[in-house]
Amino acid sequence: MKVRNQIYGLVYEINMNPGPVIIFSRPLALEEADFISIQKKMIQSIAIPRLLALQFTEIDLQITMRFKLESKKTLSQFIQNKKLHETDCYRLLYAITSIIEDSKNYLLSEDRYLLQEQLIYIGTDYTDVHLIYLPLKALQHKSNVQVEMHQLASNLFRKTEQPLSISGQKLLQQMNASTLQMNDLKELFLQCIADAEPLQMEEIQELPMVLPQKPNSLIKRLLKLSMPSNLSFNNPFLMITCLSILLLTWLMFILYPSVGAFNLCLGITMFAVNATYWLNVSIGKMETSDLSSLNIFEKQKYGLSMVNASEYYENLSEQTNLLIPNDATVLLPKQVHAFLEMNQGTTSEKINLNADPFVIGRNADIVQYAVNWVGISRMHLEIAREGMEYSVKDLGSKNGSFLNEEQMIPHKSYMLTEGDRIKIVEKEFLYKKTI
């Protein structure tokens, strides 16, 4: 006998044949007009990570939503079979907020998730979370996501083995604030994880790796673009042109949704926004004479008056040709060139510190020197310039770093001197510099 449950004006039941699915419908038939069109098309076109796979079926003019469960268990079942610790709650809540925040990249709304224990599904552990998303225009008597997250956290904490810690009590008080956004909640949960047990920074950084990834690297590139907060458009034609391009681009996606169209639209959006921004900056420099940010050489380029003598001499070291008036003697600052030398048997490798900071680790996307040694962290060690000198810092790596045979305290900077030896997982570097 099938058990039918109700939530937000919908009824749902679990059907085991041919495979486990949870089916949502409505006593009054669900029609196409009841759905948020762009979200429904997005879910049909793209397999969004950490959301239960959704299929729409229409029988006798009534649409039903079928979510594939596979081998996952509900959170309430998972808790019954395992002991629940306070840290498990933090990890679970952190995973849920990450899923909700990241899914905004797919134009989904944070208030359409089901955050009840019997409707949250768990895979292998508390960070392997899968949520149900309902792309409906109206859900009866549904609270906002902040209220539901607070209710979920309260229920979980009541089921832990030990009394709630001071950090947990403080967290619940902070979650009462309706102004907290998903990103704020993520930071709170992450801090609670660090307070609850002495994790290495490397382990904490690994947590988001199980959470949704963007559909294409174009999104990462788009998010990495930083624009000044004081950006202003003095040329309305540029703004109108950019908005027109974006409108036509995303209209194409709405009419013909697909993974390829989504990626193409993101690429066009990134190009249009960047082109508009840099054109606006260039035109602004020429038309508004925004000269405060130009250095002496840019002013020469635009045919503008020279600055005073002191500023001229301060910038002499940046020029290729040095013009010294009246036989004046000008002392240029010394340039320090530092490098690491690593001996490997009979050969040695010279590693120039050509970036500031210079990071060593295994993640080639974010470090300057990437290696795949066993035991090295994604971001293991950082060398930064401090005026005429250099400092070294362990970035909370799992296996630690050593300076002259002494283990470095994570995230503490140590000044380097000629001949210092830096050791990372059995590999030793010799610090050298030339002037």
Side-chain angles (χ1 to χ4, degrees), residues 1-80 92-93 95-97 99-104 106-123 129-156 182 212 257:
M1 179 180 179
K2 297 179 180 179
V3 179
R4 296 171 64 88
N5 301 283
Q6 294 190 4
I7 186 170
Y8 305 136
L10 303 171
V11 295
Y12 66 92
E13 62 186 18
I14 295 178
N15 192 333
M16 301 303 294
N17 293 315
V21 294
I22 182 169
I23 304 172
F24 284 81
S25 59
R26 197 172 65 180
L28 297 176
L30 275 174
E31 302 175 352
E32 194 66 35
D34 295 317
F35 293 91
I36 302 173
S37 178
I38 189 170
Q39 294 183 3
K40 183 173 181 285
K41 289 180 180 179
M42 182 71 74
I43 292 173
Q44 288 175 315
S45 304
I46 300 174
I48 301 176
R50 300 302 177 182
L51 266 61
L52 288 180
L54 170 59
Q55 290 182 338
F56 298 91
T57 60
E58 184 172 354
I59 302 175
D60 297 331
L61 301 180
Q62 174 162 329
I63 299 176
T64 59
M65 294 176 285
R66 295 171 174 260
F67 295 89
K68 294 183 180 180
L69 302 181
E70 298 176 346
S71 60
K72 303 174 185 66
K73 297 181 179 180
T74 65
L75 175 59
S76 54
Q77 292 173 331
F78 199 82
I79 292 174
Q80 290 176 356
L92 171 68
L93 294 169
I96 291 173
T97 52
I99 294 171
I100 295 174
E101 185 183 27
D102 290 348
S103 66
K104 293 177 183 177
Y106 301 91
L107 307 180
L108 303 185
S109 170
E110 60 185 23
D111 289 322
R112 292 294 180 271
Y113 288 91
L114 301 185
L115 300 180
Q116 290 72 28
E117 292 179 35
Q118 70 275 17
L119 294 172
I120 295 173
Y121 285 83
I122 307 295
V129 182
H130 299 263
L131 300 181
I132 292 176
Y133 184 88
L134 301 177
L136 293 170
K137 293 180 180 177
L139 295 173
Q140 297 178 14
H141 311 299
K142 190 177 189 304
S143 304
N144 63 44
V145 68
Q146 288 84 1
V147 173
E148 292 189 341
M149 285 296 297
H150 181 264
Q151 183 63 45
L152 176 62
S154 300
N155 293 340
L156 290 175
M182 286 297 104

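Scope of the values below: all heavy atoms of this structure, side chains included, with no hydrogens, waters or symmetry mates. The structure presented is a predicted model; accordingly, all values stated were derived computationally and were not measured.
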Distance-minimising heavy-atom pair for [X] and [Y]:
X: Gly123; Y: Phe78; value: O-CE1, 3.8 Å
X: Pro27; Y: Gly9; value: CD-O, 3.9 Å
X: Phe56; Y: Gln44; value: CD1-NE2, 3.7 Å

(request) With sequence neighbours excluded, tell me which residues meet side chain to side chain donor-acceptor pair (under 3.5 Å) with Glu31. (result) none
(message) So, using side chain to side chain donor-acceptor pair (under 3.5 Å) as the criterion, who are the partners of Arg26 when residues are at least two apart?
(response) Asp34
So, taking the atom named [atom1] in [X] and the one named [atom2] in [Y], what distance separates them when rounded to the nearest 0.5 Å?
X: Ile79; Y: Leu92; atom1: CD1; atom2: CG; answer: 7.5 Å
X: Ile23; Y: Arg66; atom1: CD1; atom2: CZ; answer: 3.5 Å
X: Met149; Y: Leu115; atom1: CE; atom2: CG; answer: 6.5 Å
X: Leu54; Y: Ile43; atom1: CG; atom2: CD1; answer: 5.5 Å
X: Ile120; Y: Gln77; atom1: CD1; atom2: CD; answer: 13.0 Å
X: Gln80; Y: Leu75; atom1: CD; atom2: CG; answer: 10.0 Å

Just wondering, do [Y] and [X] contact through their side chains at under 4.5 Å, heavy atoms?
X: Met65; Y: Leu30; value: yes
X: Glu148; Y: Gln116; value: yes
X: Leu52; Y: Lys68; value: no
X: Ile122; Y: Val129; value: yes
X: Leu139; Y: Ile7; value: no
X: Asn5; Y: Gln118; value: no
X: Tyr113; Y: Ile96; value: no
X: Gln39; Y: Lys137; value: no

(message) Does atom NZ (Lys104) have a neighbourhood of more than 12 heavy atoms from anything else shown, all under 6.0 Å?
(response) yes
(request) Taking Lys142 for its side chain and Tyr8 for its backbone only, find out whether a donor-acceptor pair lies under 3.5 Å. (result) no
(request) Report yes or no: does Arg50 contribute a side-chain atom to a donor-acceptor pair with the main-chain N or O of Ile100 at less than 3.5 Å? (result) no
(message) Set out, in order, the CA-CA distance, both residues' side-chain angles and the distance that settles side-chain contact (heavy atoms from CB on, under 4.5 Å) for Glu58 and Glu32, then state yes or no.
(response) CA-CA 10 Å; Glu58 184 172 354; Glu32 194 66 35; 5.5 Å; no
(request) May I ask you to check whether Phe67 and Tyr121 place their ring centres under 6.0 Å from each other? (result) no
(request) Ignoring hydrogens and angles, state whether a donor on the side chain of Thr57 or Thr64 is under 3.5 Å from an acceptor on the partner side chain. (result) yes
(request) Please assess Glu117 against Thr74 for the test side-chain contact (heavy atoms from CB on, under 4.5 Å), listing each intermediate value before the final yes or no. (result) CA-CA 7 Å; Glu117 292 179 35; Thr74 65; over 6 Å; no
(request) Take Tyr133 and Ile48 through the test side-chain contact (heavy atoms from CB on, under 4.5 Å) and record every step on the way to the result. (result) CA-CA 10 Å; Tyr133 184 88; Ile48 301 176; over 6 Å; no
(message) As a test of understanding, state which of Asn15, Leu119, Leu114 forms a side chain to side chain contact (heavy atoms under 4.5 Å, CB included) with Ile22.
(response) Leu119
